[in-house]
Visitor: 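Here's a structure for you.
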Amino acid sequence: MTSAPKKHKASKGTVRIKSSNDRLQLVFTYIGKRHYLSTGLPDTTINRRAAEAKAKLIESDIAFDRFDPTFARYKPEYDANTQSAELNLADLWPKFIEFKRPQCSPNTMSYTYGPYTNHIARFPTHDLSRASEMRDYILAHLSLDTSKRLITRISACCDWAIDSGFIEHNPFLGMAAKIKVPKSVSTDGLNDINPFSASERDAIIQAIETDQFSPRSSAFKHSYYTALIKFLFSTGCRPSEASALTWKYISKKCKEITFSQALIRTETGKRIRDGLKTQEQRIFPCNKPLRRLLCSIKPDKVTSETFVFPSPEGKAIDLNNFRNRTWAKVLKGLNLEYRKLYQTRHTFITLALEAGMDAKDVARLVGNSPEVIYKYYAAKKRKLDVPEF
């Protein structure tokens, strides 16, 4: 049985013809730099012959040391319609994504570039000569903070396209800087801190534990998530850290927890990532209530890879199911303003500070810097006491 021939990388000086979004590209390396030169031509048999002729010209010029680094010698004559097709954000953005992919974590590609791709797909136009129309659409449909970040990414895409020889100028250059975001709006994800009070926390736990709002006609009960919600409120860990936690990271007598993994979403599905958002790992000492909780849910037969908070099927717990089936319904049933599950972390930090813990100690417990705790949490303590002096 003969094996399929292996694909070999094009040799130095060879120009490869590639079809991208039904447009023909010439791909080659010159002086150690990879170039992607768009022909602006649809992928047809006749146009491939034209592209092959242009490829041979480039190969010849490289071989005889007469290559034109301005690319003017290799760009075809465009009419107005063809030029518009070449300068298309819908064509450039997927290429930019592939350029960024090796430089970003799977989580960033999914949570950051995924939504940006969806936003761009909905633009009324992708013609770069109408960049101002795209800007106006963005501002009309997204928050100022998100608009500024999206336009910044699009501008970066255009800068990359210039370096790659696709376009000659960046119509989004400097556009994001003109969008003024109020100082009260933070771009680091900490602007939505809205913790629960101790009484609200206790009411949520009790409602879940007693199936106060569980559907009567279903076998599913909210109480299945009791241990998870108690754990989140008791540790201030990120929900992604709790869902990835296995018993090998719990000490034998449940005195310590080692957080060193997180369950993240990628473009190809969910996976466990080694390391945390801001550190490799952290040790969390358990107080007596937390120790009792962990000991009470530990199965008699457990392996090191058994999840502490498994789904009913024994897999990593699905936080989306928890949010939709339990979290949102319990908050609504208690007449509490809807807040993200991440607010359990904000609640732990805030209540720890109110209980008198030093901000530096709280920072160590939750894996933040003391500066973050002082800036975003200590300043928002619910209760202020003025000492006698």
Side-chain angles (χ1 to χ4, degrees), residues 107 195-196 198 201-202 204-206 208-209 221-265 270-323 325-327 340-352 355 357-358 360-369 373:
N107 207 34
F196 296 99
R201 174 201 62 189
D202 295 343
I204 292 170
I205 293 174
Q206 183 180 20
I208 293 176
E209 190 170 23
K221 299 298 180 184
H222 292 162
S223 54
Y224 180 83
Y225 296 111
T226 299
L228 172 65
I229 196 63
K230 285 184 176 181
F231 185 83
L232 292 173
F233 275 124
S234 299
T235 62
C237 72
R238 299 176 180 89
S240 60
E241 296 170 353
S243 57
L245 189 63
T246 59
W247 282 104
K248 70 178 176 181
Y249 294 110
I250 309 292
S251 64
K252 287 186 177 180
K253 295 185 178 180
C254 299
K255 291 184 177 181
E256 285 186 346
I257 303 165
T258 300
F259 290 108
S260 64
Q261 295 182 322
L263 186 68
I264 62 172
R265 187 181 72 183
K270 295 179 180 179
R271 72 173 180 85
I272 292 180
R273 178 194 65 196
D274 290 329
L276 307 179
K277 184 176 181 180
T278 57
Q279 57 192 162
E280 287 300 314
Q281 67 174 34
R282 69 177 183 277
I283 305 297
F284 190 96
C286 300
N287 57 21
K288 289 182 180 180
L290 182 55
R291 203 179 310 161
R292 286 196 298 269
L293 171 66
L294 291 173
C295 290
S296 69
I297 64 172
K298 187 174 184 178
D300 294 332
K301 295 182 179 180
V302 63
T303 69
S304 61
E305 300 302 323
T306 302
F307 288 106
V308 178
F309 305 105
S311 69
E313 296 78 23
K315 300 179 181 180
I317 201 162
D318 190 328
L319 292 177
N320 286 331
N321 274 346
F322 171 64
R323 291 186 188 97
R325 300 171 72 181
T326 298
W327 181 253
K340 295 179 181 179
L341 185 59
Y342 205 89
Q343 294 296 341
T344 57
R345 176 176 172 84
H346 298 325
T347 300
F348 173 86
I349 296 172
T350 302
L351 294 179
M357 286 192 68
D358 188 275
K360 294 190 293 297
D361 294 333
V362 176
R364 287 181 59 190
L365 288 176
V366 299
N368 275 340
S369 68
I373 299 298

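In this chain, residues are counted from 1 in sequence order. Note that these values count all heavy atoms, side chains included, but never hydrogens, waters or copies made by symmetry.
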Visitor: Apply side-chain contact (heavy atoms from CB on, under 4.5 Å) to Phe348 and list each qualifying residue two or more places apart in sequence or on a separate chain.
Guide: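 Applying side-chain contact (heavy atoms from CB on, under 4.5 Å) to Phe348 gives Phe284, Leu365, Val366.
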
Visitor: When you measure from the side chain of Ser243 to the backbone N and O of Ser240, does any donor-acceptor pair fall under 3.5 Å?
Guide: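 At least one qualifying donor-acceptor pair exists.
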
Visitor: With rounding to the nearest 0.5 Å, note down the distance linking CD1 in Ile257 to CG in Leu290.
Guide: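 Output value for this atom pair is 4.5 Å.
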
Visitor: Who pairs with Phe322 by ring pair (Phe, Tyr, Trp, His ring centres under 6.0 Å), at least two apart in sequence or on another chain?
Guide: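 Scan of Phe322 (ring pair (Phe, Tyr, Trp, His ring centres under 6.0 Å), adjacent residues dropped) gives Tyr225.
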
Visitor: Hey, could you give me each pair passing salt bridge (charged side-chain N to carboxylate O under 4.0 Å, His left out) that has a residue in residues 290-308? Not counting sequence neighbours.
Guide: Lys248-Glu305

Visitor: Taking only residues at least two apart or on different chains, which pairs with a member in residues 226-243 satisfy salt bridge (charged side-chain N to carboxylate O under 4.0 Å, His left out)?
Guide: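 Matches after skipping sequence neighbours: Glu209-Lys230, Arg238-Glu241, Glu241-Arg282.
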
Visitor: Supply the atom-to-atom distance Glu313 CD to Ile317 CD1, rounded to the nearest 0.5 angstrom.
Guide: 10.0 Å

Visitor: With sequence neighbours excluded, what pairs up with Arg271 under the side-chain contact (heavy atoms from CB on, under 4.5 Å) test?
Guide: Pro106, Ile264, Thr266, Arg273

Visitor: His222 side chain to Arg325 main-chain N or O, any donor-acceptor pair under 3.5 Å?
Guide: yes

Visitor: Any idea how Phe233 and Phe196 line up, ring-wise: parallel (<30°), tilted (30 to 60°), or perpendicular (>60°)?
Guide: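 Perpendicular.
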
Visitor: Holding to ring pair (Phe, Tyr, Trp, His ring centres under 6.0 Å), I want the full list of residues that pass it with Phe231, two or more places apart in sequence or in another chain.
Guide: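 If we apply the ring pair (Phe, Tyr, Trp, His ring centres under 6.0 Å) test to Phe231, skipping adjacent residues, the hits are Phe309.
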
Visitor: How would you list, by chain and number, every residue that makes a side chain to side chain donor-acceptor pair (under 3.5 Å) with Ser296, sequence neighbours excluded?
Guide: none

Visitor: Just jot down the side-chain contact (heavy atoms from CB on, under 4.5 Å) partners of Asp202, sequence neighbours excluded, or say none.
Guide: none

Visitor: In chain order, what residues pass the side-chain contact (heavy atoms from CB on, under 4.5 Å) check against Gln206, with sequence neighbours excluded?
Guide: Thr210

Visitor: Under the rule for side chain to side chain donor-acceptor pair (under 3.5 Å), what residues qualify as partners of Arg323, not counting sequence neighbours?
Guide: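 Arg323: side chain to side chain donor-acceptor pair (under 3.5 Å) contacts with Asn320.
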
Visitor: Tell me, which pairs form a ring pair (Phe, Tyr, Trp, His ring centres under 6.0 Å) where one or both residues lie in residues 234-263, sequence neighbours left out?
Guide: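 Passing the test, one end in residues 234-263: no pairs.
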
Visitor: Quick one, Thr303 and Thr246 - any side-chain contact, counting heavy atoms below 4.5 Å?
Guide: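 With C-beta onward as the side chain, the pair stays apart.
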
Visitor: Is there a side-chain contact between Leu263 and Leu319 (heavy atoms, below 4.5 Å)?
Guide: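 No, their side chains stay 4.5 Å or more apart.
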
Visitor: Please list all pairs passing the side chain to side chain donor-acceptor pair (under 3.5 Å) test where one or both residues lie in residues 251-261, with sequence neighbours left out.
Guide: Gln261-Asp274

Visitor: Counting neighbours of NZ on Lys221 that are heavy atoms of other residues, nucleotides or ligands and sit closer than 6.0 Å, is the number greater than 12?
Guide: yes

